[in-house]
Amino acid sequence: MSQSESQDPSNKSKKPVKLQSVKGMNDVLPVEGIHWENLETLLREWLTAYGYRLIKTPVVEPTALFRRGIGEVTDIVEKEMFSFIDRLNGDELTLRPEFTAGIARATIQHNLTYAAPQRVYAMGPVFRHERPQRGRYRQFHQLDVEALGFEGPDIDAELIVMLSRLWRDMGLEGVRLEINCLGEASERLAHREALIAYFEQHQEMLDEDAQRRLHSNPLRILDTKNPAMQAMVNAAPKLFQYLGEASLAHYSGVKRLLDDAGVPYIENPRLVRGLDYYNLTVFEWITDALGSQGTICGGGRYDGLVEILGGKPTPAIGFAIGLERLLELYLESAQPDDAADLDVYVVHQGDGTARRAFTLAEELRDAGFAVVLHAGGGGFKSQMKRADVSGASVAVILGENELNKGTAAVKLLRGEGEQMEFSQDTLAESIFGLLYGEGEAQ
Ligand code: ATP
Ligand code: MG
């Protein structure tokens, strides 16, 4: 509440304005948090198995980075960026709408590929001002993977094969792979001229979007979802007809390695991806299980980007996974474990038990257990209810009786089981024995 509001006596009866999260930006609540943690753990293990290392770049970058890196006439730069002026110093800044440009900037700034090429990944929130709907948010999360300094085609295939392993590890079915080869800039230019000429011949069929893109980004017209334009777009000149020998060889190289690995793919000559910087290999992984926002991963080669941003020529390729979409798919198809990773819930009641329970919980944590100590009072029954829903494997119960004897009662929380009593001095060993069938139970 501002000062003037709080001083206005007529305002007293009014309730303060309800504060809500920004439209399209979601909270992840604790019940979902456990799934996020599990997914992130699984992803990190998978990335480590392929030698990828974590890189973290700022959430905010100079706006110029994305204008130059992503391209002026892309959806992202034209209408999706959260850009603002830092009112303290006038800097033009943007919340990152993707990771690749920032990672390319960091690569140049720190001369990362000087001694050897780099395999890196980043994970975190990205921001795009889009119309919020299922699978499309204004703050969402990506896992971004980049291989910098490699010419391919082996690394192109490695990234794709790696993704196919991930879906397998996660138990996902029905994720299909589409690939295409975008060739090099000169080849695309020849194709682009042919496209413009073709679309000019069909002016009367172009919708407003297409009219606008005719001279700025005619390739994007191929991506149209307008049914009235499908037939005309299908008959447009194909980039494939303009690819030279080197591009074709690169493409066959990728496909051969995918065949060797037994990874099926669909060649989609209309797959162009939304950003300017791609060349040669591009790919997407798509599912029908998520409604209309079915692309869970998109990627491609961007050999020119580092140079465009002022660095040395550095061939590179990468992809990004939309984690909200991946998580939704994972929860639908794989039903992963959602139990909290908790071993012990400590219940205590009676004079003096709170103090000892506090140190006992610390002792159990010293021994390596994950422990929640009951806080906030309440009777024995209500404490035991909390223990039951906590997800812990055992409850440790400390009453005045036990306190006086130097013991603690222990009860298994899953399945049937008598309450047992153990000495406090060897409590950790006893619980370990109870849970894992080893060690000495008293
Ligand atoms: P789309 O065509 O769906 O807009 P895109 O080409 O803009 O996708 P990329 O820039 O390739 O998407 O981002 C990689 C992945 O991030 C997408 O495949 C998707 O899974 C996810 N993604 C993109 N935009 C959003 C969004 N607004 N909300 C949630 N996830 C998104
Ligand atoms: Mg988009």
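Atoms within a ligand are numbered from 1 in the order they appear, just like the ligands themselves. This is a predicted model, so every value here is computed, not measured.
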* Part of I296 with heavy atoms under 4.0 Å of ligand 1, whether side chain, backbone, both or neither ->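 Backbone only.
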
* Looking only at heavy atoms, is any part of R128 under 4.0 Å from ligand 1, and if so is it the side chain, the backbone, or both, or is it neither? ->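 Side chain only; the backbone of R128 stays clear of ligand 1.
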
Does ligand 1 have an atom that lies less than 4.0 angstrom from a heavy atom of [X]?
X    : answer
E324 : no
R273 : yes
E98  : no

Taking NZ, NE, NH1 and NH2 as the nitrogens, is one of them in [X] or [Y] under 4.0 Å from a carboxylate oxygen of the other?
X    : Y    : answer
E284 : R273 : yes
R212 : E78  : yes
D75  : R213 : yes

Shortest reach to [atom] by a heavy atom, considering only [options]:
atom                    : options                : answer
atom 29 (C) of ligand 1 : G322, G135, G299       : G135
atom 2 (O) of ligand 1  : E284, R136, E80        : R136
atom 27 (N) of ligand 1 : R131, R138, E130, H141 : E130

* Structure fact -> Heavy-atom closest pair (L290 atom, R325 atom, distance to 0.1 Å) is CD1-O, 3.5 Å

* Mind checking whether Q293 has an N or O less than 3.5 Å away from an N or O of ligand 1? -> no

* Angle class for the F82/F127 ring planes (parallel below 30°, perpendicular above 60°, tilted otherwise)? -> perpendicular

* To do: With heavy atoms of Q142 as the reference, note each atom of ligand 1 found under 4.0 Å away.
  =>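 Under 4.0 Å from Q142, ligand 1 has these atoms: 13 (O), 14 (C), 15 (C), 16 (O).
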
* Residue pair Q142 / E98, side-chain donor-acceptor N/O under 3.5 Å ->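 Distance-only check fails for Q142 and E98.
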
* Asked: Would E146 and T100 count as having a side-chain donor-acceptor pair, cut-off 3.5 Å?
  -> yes

